[in-house]
Each structure stands twice: as structure tokens, then as C-alpha cells.
Colleague: 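Handing you this structure, nothing more for now.
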Amino acid sequence: MTVEKGFFDSTHHLNDAGVAMYVDALKLDVLDQVPQEVRDHVSECQKCRKEITGLYTLLMEEDYTTLRSHPYFSLDKREAARGWRLAYRIAAVIGGIAVTGAVAYYLAGLGASRTTDEARRIEQIRGEDSIRNSGTPGLRRHDDEQALAARYEPYPELENMVNGAFRSGDVEVISPRNGITAGDSLWFDLKDGAWSGLIVTIVSNTGENVYSAHLASVPFALRRPAEPGLYYWKLQNAGELLYVGKFLVK
Amino acid sequence: MKEDPDIEILRQDPSALIYKYRDMIRIIVVNAMAGGLGGRERIASVVDTVTSELMLRIPSIQANYNGTSLVRTYVSAVVRNICRSLRMSQPAEKSLDDPAHEEAVPLASMHERYSINQARSVFRAILLQFDRSLPKLIVCLKLKFRIALGREDFLRWQPGCDQHILSDFLADMQTWPESLTDMEIFRRSTPLFNHLQSKEATDDTVRRWTSSKIAEIADALNCSIPGAHFDEETIRLLTEDYFSPFLLRD
């Protein structure tokens, strides 16, 4: 049943084998293993891209992620990654057990076999350690707290515009309410929205634009930013600022 | 690179393979019927017709399958071809795209199956097929849809790009008014594009190239997803979603 591994038909487009091979590569995320000749052709050929996309769509529900092997592609890298993940998990479990055991053994040993003098000395050392160490985590915690607090510092340029009156008063924002703490997602909604063409921009408290998009419809959902802090959002239309609001991510 | 176990079944007992793939065949048929192969009352008979035709093609499948894809993927391509030839030989009947359709098909409805998440997945698959042109396409899509561009976007396109020219362009881009038209945006980008491509293109060349790629992407989506009507605006949304660091993805 072995035939020549030809991927093109007589019309110089991909044949069924070529399309199937490319779809497997897409589904397995191994496009780099597709022969360069095929990749170059597909990147330039709309007809073949449509064939590939059509078959890919049909097979979208077929789960190939559990495949350990493939007749043509090497899945070694993926398998290796899977193996390392498993090894890390096992190592973490073994490590956890070992640490727990060591602590239990140490505590049991303290109570059972050490003399009062030794125990006193250990207590003394522990006390010194606790004094010596108390500074480091404390300082680190203080630094962390300062860094975190800085994330909630208002950005004056935009803070002054929050709740400000803008020339286009026809945009009434229903959500998000100013100053709310965002849940997993943040909903943007306007009343009687003449929303078409509006642009929403999320700005960090350092003035950095972290996201910008045209509103195609409202309500409009965004997953909250990953980093905690104070964020502002601007609503604009053709260069005109319509609204500035703010929200918190904790 | 072990053998796909289905290869042995294809060799020894192809009927068992077709039985094994029966759900997949049904999905492809339902998909084809939504594209105009008849009403829901005909699903069972069309599945039978396709399965019979597939049985007839077994010798050809055994001869032409060249071991570069999973058998499942290759057979899917063949089933799709059979559905196509049936569609061409029969007049279009009532579409399955009606609520009652769900009762007849024990799978999720077409609308549920082709959710926004799946559109995202197909969109990603289409972009990947542009292969070496992808870095250029990403830059152009971001320019066209006013999505923030970074130095890394250009360096992915042309790693050897002159850093001073790039820095000047990025700095200049910060001063662009939001009211710029597509024509103006691409006109201002042309000198950098010419540098990146080491050729002299006219001001409107890249804009037209971008528009044609957007049309191709929309076409590939519309051909793959039954009932879909993707256009430049929906491609804009998919693009914004694709590059958003925290848009809802589930």
C-alpha cells in the first residue's frame, strides 16, 4: 500500500494526501515539519488554503492532542514536553513528602533525644535566626507592598478627566461603573448606544495603552487585565474623547 | 513516528474502519447538507449514500493513502469529496439551517458547533497557512485595523531591519492622528515597507495587498463555516481578538 509521497495533483494543487497531511500538521501544531515546497505553495495558493481550511474545520471536534505518534510527523518534542511535565509533578510530590518527613523527623528528634542544654542552644540559635531573618522577608514584603501600592497610584492626566463633562454628551455609560473592582471579566455597555465606530482603549496607571479596539457591538466583554492595579478606559470617536472611566483589578 | 493503528484496519478490514468513522462521516454529511445537500429528513439516506460510495472507493483509498497523514484525516478528505460530488449532481433543497434540525441530528446544532471560539480557531489556522508571509500580514492587519504595533512585529518580518529607520518610524507613528485614512496610513508606511522588502513599491501596493488578503481570509472562513458571512468588519473583530492580551476567549 506504499505509494510515492506526492502531495500535488496533475493541476499542481495539493491532492487529498497533501491536504490531509497539512491539516494534521495544523492540528498537531507541527507546521515546521511540513515540506517547505508544500508550505510555500499553500502560502501563495488561495484554492489550497480553502481546501485545507475546509477540512480543518470539519475535523475541529476531533481531538488529536492525545496522539502519541503520527505516521509522518515526529511528535517527540511534544512527548518530551509531556514527559517533563509529568516528571516535574512526580518530583514535586516526592519533594513534598520528603520535606514533610524531614520536618516531622526533626521535631520528633527535638523532643525525644536532645538534652536540655542542646535544646536550649537550639532555641537560642532559633531565636537569633528569627531576629536575623525577620528583617529580610519583612523588607521584601515591604518592597512588594510598595510596588503593589504603586500600581494603584492615580495617573493625573486621566484621573482629572474621570467623571468629567465632554462635548459629546450623547454617550451614557451603563457599565463599568467608575471605580469598580473588575471580576474575571469586565462588561462595557452604553445606553441607547450610538456605539458604532467608537474605540475603547484601556490604559494602565502609568499611561501605557494596554488594549485598544473598535466597538462593534455592546455590551462588549473583556477579560480583566492579568496584572493588578488601577486602570483607566477611554471611549473615543474619530479623535474625539467621549468618556474616561476607571476600574480596579485586585 | 509509529504507524497509525487505523492503517492496519484499512489494510485488513476496511468495513470496520468505516464503521469506526461513522460519527465523523455523519458530521461531514450534516455539514455538507447545511451547505445545500438537502433537508434534515434526508440525513440518514445521504449518510447511507455517502457510506456506500466510500465502500466503493476503498480500493482507491488503499492504493492512494501514502502514510503522510492519519487515515482518519485522509478518509475525511475523501468523504468531503463524495459530498461535493453529490451536491453537484443534485439540486439544492431546503437547508438544514432551521431550529428543527437539532432534533434530527444527535450532535450539537450547527450554530452551537460553529461558535465564536471555533471561528477563532479557524482564523488562526488560516493565518498560519500564510507561513513566510505571516509576519508581513500581521503588520499589515495591525496597521489596517489600528492595533498597536511593536518593534518585534517588524523584526519578525525582517530580523535584519535597520534599527534607526525602524525607531524613526515607530516614533513617527506615535504622532499620527487617529483620523488618518487607510490610504494615508499605508502611504506613510511605504518607505519602511520598501526598506523591509528591499524593493520599490508604490504607495498603494501594500494597502491593496492587505485588502486582498482580508478578502481571502473572509472567503476561506465563509467556505468552511456553513451559514457564515464574514466580511472586513468581522475580520477586524477576529484580528483584534487574536491580538488582544486579555479578551474573553472562552
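In what follows, chains carry the letters A, B, and so on, assigned in the order in which the sequence lines appear, proteins first and then strands, with residues in each chain numbered from 1.
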Colleague: Side chain, backbone, both or neither: which part of A:Glu227 has a heavy atom under 4.5 Å from chain B?
Modeller: neither
Colleague: Counting only non-hydrogen atoms closer than 4.5 Å, does B:Ser133 touch chain A with its backbone (N, CA, C, O), its side chain (CB onward), both, or neither?
Modeller: side chain
Colleague: In terms of heavy-atom proximity below 4.5 Å to chain B, should A:Leu55 be classed as side chain, backbone, both, or neither?
Modeller: both
Colleague: Are B:Arg236 and B:Glu232 ion-paired here, with the side-chain N under 4.0 Å from a carboxylate O?
Modeller: no
Colleague: When only pairs under 4.5 Å are counted, which of B:Asp219, B:Val78, B:Ile126 shares the most heavy-atom pairs with chain A?
Modeller: B:Asp219
Colleague: Checking B:Ala125 against chain A: side chain, backbone, both or neither under 4.5 Å from a heavy atom?
Modeller: both
Colleague: Among A:Arg49, A:Lys50, A:Glu44, which has the most heavy-atom pairs under 4.5 Å with chain B?
Modeller: A:Arg49
Colleague: Between B:Arg124 and A:Asp29, is there a salt bridge with N-O shorter than 4.0 Å?
Modeller: yes
Colleague: What pairs with B:Arg84 under salt bridge (charged side-chain N to carboxylate O under 4.0 Å, His left out), at least two apart in sequence or on another chain?
Modeller: A:Glu51
Colleague: Less than 4.0 Å between a side-chain N and a carboxylate O, is that true for B:Arg72 and A:Glu62?
Modeller: yes
Colleague: Against chain A, label B:Ile147 side chain, backbone, both or neither, depending on which of its atoms sit under 4.5 Å from a heavy atom there.
Modeller: neither
Colleague: Of all residues at least two apart in sequence or in a different chain, which pass the side-chain hydrogen bond (donor to acceptor under 3.5 Å, both in side chains) check with B:Thr181?
Modeller: none
Colleague: Before you tell me yes or no, could you show the steps for B:Arg156 and B:Glu152 under salt bridge (charged side-chain N to carboxylate O under 4.0 Å, His left out), namely the whole-Å CA-CA distance, both residues' side-chain angles and the distance that decides it to 0.1 Å?
Modeller: CA-CA 6 Å; B:Arg156 266 194 291 271; B:Glu152 66 283 2; 5.1 Å; no
Colleague: Under a 4.5 Å cutoff for heavy-atom pairs, which residue among B:Leu128, B:Leu134, B:Val71, B:Leu221 has the most contacts with chain A?
Modeller: B:Leu128
